[in-house]
Colleague: 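Here's a structure for you.
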Amino acid sequence: MKIKYLKDIICPICTNQSDMKIIRTFQDRQFISCPHCHVDFFYPLLNEQEISNIYSKQYYLNWGDIENIRKIKSETFSRYIEKLQHFKNGKNILDVGTAYGLLLEQAKKKGLEPYGVDISSYATDIARKNIGTDKIFTGTIKDVPFKENYFDFITICDVLEHVQSPISTLKKANMLLKKDGCLLLVTPYSKALGAHIQNMNINKYKLEHVFRFKKETILKMCDITNFDIAYCEQVWKTM
């Protein structure tokens, strides 16, 4: 079988200019792979407005009942917060891509001051009811009105694969964190069993998953954005 490539594409992660292997065509875009940092991504990249348009009310209605979602996510999010608090004591946390604010509910129960940001106005309206009107912001991480070195903790859980620029997102997170602050980054792993199952079914491809990362890509991104890695391991979610 002949392998097809796109010529001279600049990788949005490592910035190398290369011929990118075409993995699949999906909704008039090519899903391609960088030979240097091994990230897979849609090309052309979605812009912020296209990404924002995805997260309408209907997107979240497809999740199902909020209370059922809260039940299955709360235990997972509780473990995430405990992992962060294992590394340092702190008082405030920013959840990027907070959706309904369910992670922040668990953070608040564990004594943290919760703040969140999400691109969806529908989701942030619900999160404000759960967390507080002055705690939740609509937009991306670049829109939050905080000074540098403000947060003890930042969480970016199942979000980095959705954003228009993972590197810019991580750089801004680094700026907002205190010098001894902790970032928790959770993202699907493209070599995991679930990813292979998705690859067997084209209907499981989602345009909102702009990127798919391998471990070496994640390590590269952390190096570019000046994060020291405390641990890197597979996480398990309560279902």
Side-chain angles (χ1 to χ4, degrees), residues 55 60 63-163 169-188 218 222 225-239:
Y55 303 105
Y60 291 94
W63 283 16
D65 181 77
I66 293 178
E67 291 308 313
N68 286 336
I69 294 298
R70 178 177 283 106
K71 289 177 183 178
I72 66 173
K73 288 183 177 290
S74 292
E75 187 175 330
T76 299
F77 289 153
S78 180
R79 291 197 301 271
Y80 290 174
I81 302 303
E82 289 172 1
K83 175 67 77 173
L84 282 172
Q85 292 180 317
H86 171 78
F87 286 99
K88 77 179 297 286
N89 294 320
K91 65 178 182 179
N92 55 33
I93 183 170
L94 174 67
D95 185 30
V96 180
T98 197
Y100 295 154
L102 303 183
L103 183 146
L104 294 178
E105 289 181 2
Q106 298 303 310
K108 192 173 182 178
K109 289 179 181 179
K110 296 182 185 299
L112 298 179
E113 187 75 15
Y115 297 89
V117 61
D118 197 283
I119 199 169
S120 169
S121 58
Y122 173 77
T124 51
D125 284 346
I126 293 175
R128 288 187 183 101
K129 295 176 183 177
N130 297 332
I131 305 300
T133 57
D134 60 336
K135 304 290 188 181
I136 303 296
F137 305 92
T138 304
T140 67
I141 191 173
K142 70 181 181 182
D143 300 314
V144 296
F146 296 98
K147 296 180 180 179
E148 295 182 13
N149 307 316
Y150 185 82
F151 288 100
D152 295 295
F153 306 112
I154 293 179
T155 51
I156 306 177
C157 300
D158 296 313
V159 171
L160 200 67
E161 67 275 10
H162 294 255
V163 304
T169 298
L170 292 175
K171 285 182 176 179
K172 183 60 183 290
N174 202 324
M175 290 173 56
L176 290 172
L177 276 171
K178 295 177 180 178
K179 297 304 181 184
D180 64 341
C182 290
L183 169 74
L184 177 66
L185 171 64
V186 179
T187 187
I218 296 169
C222 289
T225 56
N226 296 316
F227 278 102
D228 296 323
I229 298 174
Y231 75 102
C232 182
E233 62 186 22
Q234 185 174 355
V235 298
W236 298 92
K237 298 181 179 181
T238 300
M239 299 298 291

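These numbers were taken from a predicted model, which means no experiment stands behind them. If you read the sequence from its start, that first residue is 1, and numbering goes on from there.
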Colleague: Considering only heavy atoms from C-beta outward, does the side chain of Leu103 approach that of Ile93 to under 4.5 Å?
Modeller: yes
Colleague: Among all residues two or more places apart in sequence or in another chain, which pass the salt bridge (Lys or Arg N to Asp or Glu O under 4.0 Å) test with Asp143?
Modeller: none
Colleague: To the nearest 0.5 angstrom, please state how far the CG atom of Leu160 sits from the CG atom of Leu185.
Modeller: 5.5 Å
Colleague: Can you name the side-chain hydrogen bond (donor to acceptor under 3.5 Å, both in side chains) partners of Lys71, sequence neighbours left out?
Modeller: none
Colleague: Rounded at 0.5 Å granularity, tell me how far CG in Asn130 sits from CG in Leu104.
Modeller: 9.5 Å
Colleague: Taking all heavy atoms of Ser78 and all of Gln106, pick out the closest pair and write down the distance.
Modeller: CB-OE1, 3.7 Å
Colleague: For Tyr115, what residues pass the ring-ring contact (aromatic ring centres under 6.0 Å, His included) criterion, not counting sequence neighbours?
Modeller: Phe146, Phe151
Colleague: Give the C-alpha distance, both sets of side-chain angles, the deciding distance and a yes or no for side chain to side chain contact (heavy atoms under 4.5 Å, CB included) between Leu176 and Ile141.
Modeller: CA-CA 9 Å; Leu176 290 172; Ile141 191 173; 3.9 Å; yes
Colleague: Can you tell me how far the CD1 atom of Ile154 sits from the CE atom of Met175, to the nearest 0.5 Å?
Modeller: 10.5 Å
Colleague: Show every salt bridge (charged side-chain N to carboxylate O under 4.0 Å, His left out) that has at least one partner inside residues 225-239, sequence neighbours left out.
Modeller: Lys83-Glu233, Asp158-Lys237
Colleague: Could you tell me which residues satisfy side chain to side chain contact (heavy atoms under 4.5 Å, CB included) with Ser120, sequence neighbours excluded, listed by chain and number?
Modeller: Tyr55, Tyr60, Asp118, Tyr122, Ala123
Colleague: State which residue, out of Leu184, Val96, Val163, Val186, fulfils the side chain to side chain contact (heavy atoms under 4.5 Å, CB included) condition with Ile156.
Modeller: Val96
Colleague: Identify, with sequence neighbours excluded, every residue that meets side-chain hydrogen bond (donor to acceptor under 3.5 Å, both in side chains) alongside Thr187.
Modeller: Glu161
Colleague: Do the non-hydrogen side-chain atoms of Thr155 and Tyr80 ever get within less than 4.5 Å of each other?
Modeller: no
Colleague: Quick one: are Gln85 and Cys182 in side-chain contact, heavy atoms under 4.5 Å?
Modeller: no
Colleague: Return the minimal non-hydrogen interatomic distance between Gly90 and Phe153, and the atom names on each side.
Modeller: CA-CE1, 3.8 Å
Colleague: Checking side chain to side chain donor-acceptor pair (under 3.5 Å) for the pair Thr138/Thr124: CA distance, chi angles, key distance, verdict?
Modeller: CA-CA 6 Å; Thr138 304; Thr124 51; 2.8 Å; yes
Colleague: Side chains of Tyr150 and Asn92: closer than 4.5 Å at any heavy-atom pair?
Modeller: yes
Colleague: Taking Arg79 for its side chain and Val235 for its backbone only, find out whether a donor-acceptor pair lies under 3.5 Å.
Modeller: no
Colleague: Taking atom CG of Asn89 as the centre, does the number of heavy atoms from other residues, nucleotides or ligands within less than 6.0 Å exceed 12?
Modeller: no
Colleague: Near Glu82 CD, under 6.0 Å, is it more than 12 heavy atoms from other residues, nucleotides or ligands?
Modeller: yes
Colleague: Is there a side-chain contact between Leu170 and Leu183 in this structure, where contact means two heavy atoms from C-beta onward sitting under 4.5 Å apart?
Modeller: yes
Colleague: Excluding sequence neighbours, so at least two apart, what forms salt bridge (Lys or Arg N to Asp or Glu O under 4.0 Å) with Glu148?
Modeller: none
Colleague: What residues form a side chain to side chain contact (heavy atoms under 4.5 Å, CB included) with Ile69, not counting sequence neighbours?
Modeller: Trp63, Ile72, Lys73, Leu102
Colleague: Report the distance from atom CD1 of Ile66 to atom OH of Tyr100, rounding to the nearest 0.5 Å.
Modeller: 4.5 Å
Colleague: Atom CD1 of Ile131 and atom CD1 of Ile126: how far apart are they, to the nearest 0.5 Å?
Modeller: 12.0 Å
Colleague: What pairs meet the side-chain hydrogen bond (donor to acceptor under 3.5 Å, both in side chains) rule with one or both residues in residues 171-185, with sequence neighbours excluded?
Modeller: Asp152-Lys178
Colleague: What residues, two or more places apart in sequence or in another chain, satisfy salt bridge (Lys or Arg N to Asp or Glu O under 4.0 Å) together with Lys129?
Modeller: none
Colleague: Rounded at 0.5 Å granularity, tell me how far CZ in Phe137 sits from CZ in Arg128.
Modeller: 8.5 Å
Colleague: Please list all pairs meeting salt bridge (charged side-chain N to carboxylate O under 4.0 Å, His left out) that have one or both residues in residues 95-109, counting only residues at least two apart or in different chains.
Modeller: Arg70-Glu105
Colleague: Using the side-chain hydrogen bond (donor to acceptor under 3.5 Å, both in side chains) criterion, which residues pair with Asn149? Sequence neighbours excluded.
Modeller: none
Colleague: Of all heavy-atom pairs between Ala99 and Ala127, which one has the smallest distance, and what is that distance?
Modeller: O-CB, 3.4 Å
